[in-house]
Amino acid sequence: MFKILSTTSLNICIASLCRVKNLKNAEAVLIDGIRVGILPDVVTYNTLIDGYCRLFGIDSGYSVLGRMREAGIHPNVITYNTLLSCASRYRLLYQSLDIFDEMLQVGILPDVWSYNILMHCFFKVGKPDEAYRVFKDIFLRNIYPSPATFNIMFTGLCKNWYTDNALMLLRNLQRNGFRPELVTYNILIDGLCKSGKWRTVKGLLKEILDYGHIPNAITYTTVMKCCFKNKMFNEGLEIFSEMKAKGYTFDGFAYCTVAGALLRTGRIEEANQCMGNMFRSGIDLDMVCYNTLINLYCKEGKLEDAFGLLDEVEKMGLECDIYTHTILIDGLCKAGNIQGAQRHLKYLNKMGFRTNLVAFNSFIDGLCKLGQIEYAMQVFESMKVKDEFTYSSIVQGLCSAGRFHLAARLLLSCVRSGVRILRSDKKAVIRGLRFTGFGPQAKKVQSNIRLAKLLHY
DNA sequence: CTAGGGTTAG
């Protein structure tokens with residue numbers, strides 16, 4: 001323990017305690033400081049506000065602001081930006097706008113950070129037009145944009161599927177002398193990968209080098225993920241090897257991307273090795289890493305280990321998320337434990353998670369594979385939202401049960417509403433009809449599907 | 001105090 005000698009060292013100490021979420025000790029240090037005459041300043045309180053906001057939410061941040069005022073210390077723009085970023089983190093748009101107003105009311109001029117955070121908040125709640133207004137406002141008010149301003153803009157555009165606009169903005173800015181950072185490229189590459197614009201991605205990857213940037217682990221992980229998504233598994237794994245060869249340090253993102261792809265393609269043993277390497281590397285594991293591990297255990301058929309890890313994770317104080325539970329529900333279904341899956345679905349509901357399409361799709365698929373088609377149909381009909389996975393499982397299930405006419409009807413309604421179907425589903429239905437003596441109907445279904453597809457595209 | 005990549009189902 002080092003001795004607090006000045007307000008600066010007090011602030012450093014409090015900041016590091018806040019980082020490890022030890023607010024109790026942070027408060028103790030504050031009191032100790034006051035006792036020996038080292039008084040907190042605006043930085044001290046801003047740090048505390050951030051700590052409280054992160055741990056307990058915005059209201060607790062505001063109560064620290066109250067204490068700050070009582071201590072006779074005036075909040076500054078950073079104080080308000082801290083509160084603003086907390087509201088934005090929780091996607092509280094209206095609260096963000098209120099904070100912005102309050103800031104103006106108390107006579108604090110918002111800076112570029114304030115605008116950046118507000119813009120980001122608009123994007124996060126799916127209001128790109130409003131975000132763009134904030135963006136223009138920055139220039140209208142003669143505030144100098146920061147690199148983050150543009151990066152937030154690019155991220156927002158990409159995440160809202162405006163990748164073309166993002167690219168246009170880049171080109172426009174470049175014509176005006178803008179030099180994109182590596183982060184900017186990473187943002188655009190991710191967006192373009194996710195909208196399937198592989199060629200443009202390749203161009204940008206070259207451009208990175210033209211600017212003298214060296215792709216980092218994030219660039220690699222992004223492209224690797226894109227390969228896996230586009231069923232280019234070997235290319236993805238090659239990128240992984242290249243990363244290794246070039247000496248990049250792996251983090252949870254890289255390990256989980258690879259392990260996830262291996263698990264999805266049934267390469268369980270390799271996934272096991274990958275996760276083992278992750279363990280041995282000694283990196284801090286977060287919830288996504290644990291989810292991937294739990295998924296590995298499930299795929300290896302070690303359900304007890306999976307649930308054991310769930311307990312451990314919760315004991316460590318990490319919050320399990322919707323992925324954790326969905327993975328477990330799927331694991332239970334695949335192990336034939338329908339009751340367990342049902343119990344976990346109820347538990348999910350009790351825990352306040354919103355209804356989860358993926359989990360229900362797993363459940364339906366599990367029921368179908370166990371031959372419980374009646375029950376599966378019941379669940380299917382009770383579902384308000386369905387997607388291609390739901391239909392695929394139920395169609396396969398109906399075919400296994402020999403109910404090809406119903407399967408054909410569902411398949412057609414699928415195509416007619418523009419839901420993509422698997423070739424194997426169509427095949428199963430057609431073959432089933434033909435095999436059971438309904439050759440003409442099979443032909444009719446086939447041509448109807450073709451027609452529906454034509455009408456839809 | 002703001003910006004980038006990862007985990008679930010057919």
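Lettering of chains follows the sequences in order, A, B, ..., and the numbering in each one begins at 1.
Evaluation of atom-type donor-acceptor distances gives a pair under 3.5 Å for the side chain of Asp251(A) against the base of dG5(B). On a pure distance criterion of 3.5 Å, a polar donor-acceptor pair joins the side chain of Thr326(A) and the base of dT8(B). The base of dG5(B) lies close enough to the side chain of Thr221(A) for a donor and an acceptor atom to sit less than 3.5 Å apart. Below the 3.5 angstrom threshold, one finds a donor paired with an acceptor across the side chain of Asp286(A) and the base of dG6(B).
Using a cutoff of 4.0 Å between basic side-chain nitrogens and carboxylate oxygens, Glu235(A) and Lys229(A) are not scored as salt-bridged. Taking the charged nitrogens against the carboxylate oxygens, Arg267(A) and Glu270(A) do have a contact shorter than 4.0 Å, which makes a salt bridge. Remark: Arg54(A) engages Asp50(A) in a salt bridge, criterion side-chain N to carboxylate O under 4.0 Å.
Contact between the side-chain N/O atoms of Arg264(A) and the OP1/OP2 oxygens of dT8(B) is found at a separation under 4.0 Å. Side-chain nitrogen and oxygen atoms of Lys229(A) include none within less than 4.0 Å of the OP1 or OP2 phosphate oxygen of dG6(B). Note on Lys124(A): every side-chain N or O is 4.0 Å or more away from OP1 and OP2 of dA3(B). An OP1 or OP2 oxygen of dA3(B) is reached within less than 4.0 angstrom by a side-chain nitrogen or oxygen of His120(A). The side chain of Arg54(A) contributes no N or O atom lying less than 4.0 Å from OP1 or OP2 of dC1(B). The side chain of Lys225(A) contributes no N or O atom lying less than 4.0 Å from OP1 or OP2 of dG4(B).
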Donor-acceptor pairs under 3.5 Å, side chain of residues 357-367 of chain A to any protein atom, not counting sequence neighbours: which ones?
unit_1, atom_1, unit_2, atom_2, d
Asn361(A), OD1, Thr390(A), OG1, 2.8
Asn361(A), ND2, Asp387(A), OD1, 3.1
Ser362(A), OG, Asp330(A), OD1, 2.8
Asp365(A), OD1, Lys369(A), NZ, 3.2
Asp365(A), OD1, Ser393(A), OG, 2.9
Asp365(A), OD2, Lys369(A), NZ, 2.7

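If you take CD1 of Ile283(A) and P of dT7(B), they are 15 Å apart, rounded to a whole angstrom. Between the CG atom of Leu237(A) and the C1' atom of dG6(B) there is a distance of 15 Å, rounded to whole Å. Put simply, NZ on Lys369(A) is 11 Å from P on dA9(B), counting in whole angstrom units. To the nearest angstrom, P of dC1(B) lies 20 Å from CD1 of Ile143(A). With rounding to whole Å, Asn116(A) atom CG is found 9 Å from dA3(B) atom P. The distance from atom CE of Met119(A) to atom P of dA3(B) is 11 Å, rounded to the nearest whole Å. Rounded to an integer number of Å, the gap from CE of Met153(A) to C1' of dA3(B) is 13 Å. Look at NE2 on His213(A): it is 17 Å from P on dG4(B), rounded to the nearest Å.
No option in Phe279(A), Tyr290(A), Phe250(A) other than Phe250(A) meets the ring pair (Phe, Tyr, Trp, His ring centres under 6.0 Å) test with Tyr255(A).
Closest to the side chain of Ala148(A), from the set dA3(B), dC1(B), dG4(B), is dA3(B). For Lys159(A), taking side-chain heavy atoms from C-beta onward, the closest of the listed nucleotides dG4(B), dT2(B), dG6(B) is dG4(B). Taking the side chain of Glu388(A) as heavy atoms from C-beta on, and the options dA3(B), dG5(B), dG10(B), the nearest nucleotide is dG10(B). Relative to the side chain of Ser146(A), the nucleotides dC1(B), dT2(B), dG6(B) differ in distance, and dT2(B) lies closest. Ranking dG4(B), dG10(B), dG5(B) by closeness to the Ile187(A) side chain, first place goes to dG4(B). Out of dA3(B), dG10(B), dC1(B), the shortest distance to the side chain of Leu422(A) is found at dG10(B). Closest approach to the Ile152(A) side chain among dG6(B), dG10(B), dA3(B) is made by dA3(B) (side chain taken as heavy atoms from C-beta onward).
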Check step by step if side-chain contact (heavy atoms from CB on, under 4.5 Å) holds for Ser114(A) and Phe100(A). CA-CA 8 Å; Ser114(A) 324; Phe100(A) 210 84; 3.9 Å; yes

Could you go through Tyr391(A) and Phe380(A), starting from their C-alpha distance and side-chain angles, then the distance that decides it, and tell me whether this counts as ring pair (Phe, Tyr, Trp, His ring centres under 6.0 Å)? CA-CA 9 Å; Tyr391(A) 281 99; Phe380(A) 178 80; 5.5 Å; yes

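Ala166(A) and Leu188(A) make their closest contact through CB-CD2, 3.7 Å (heavy atoms, listed as atom of the first residue, atom of the second, distance).
A cation-pi arrangement is absent between Lys159(A) and Phe123(A) under the rule of less than 6.0 angstrom and at most 45 degrees off the ring axis.
At a threshold of 4.0 angstrom between heavy atoms, the contacts of Lys386(A) with the nucleic acid are absent. Among the atoms of the strands shown, none is found under 4.0 Å from any heavy atom of Gln396(A). Among the heavy atoms of the strands, none lies under 4.0 Å from Asp425(A).
Within residues 330-358 of chain A, the residues having any heavy atom under 4.0 Å from DNA chain B are, by residue number, Asp330(A), Lys334(A), Val358(A).
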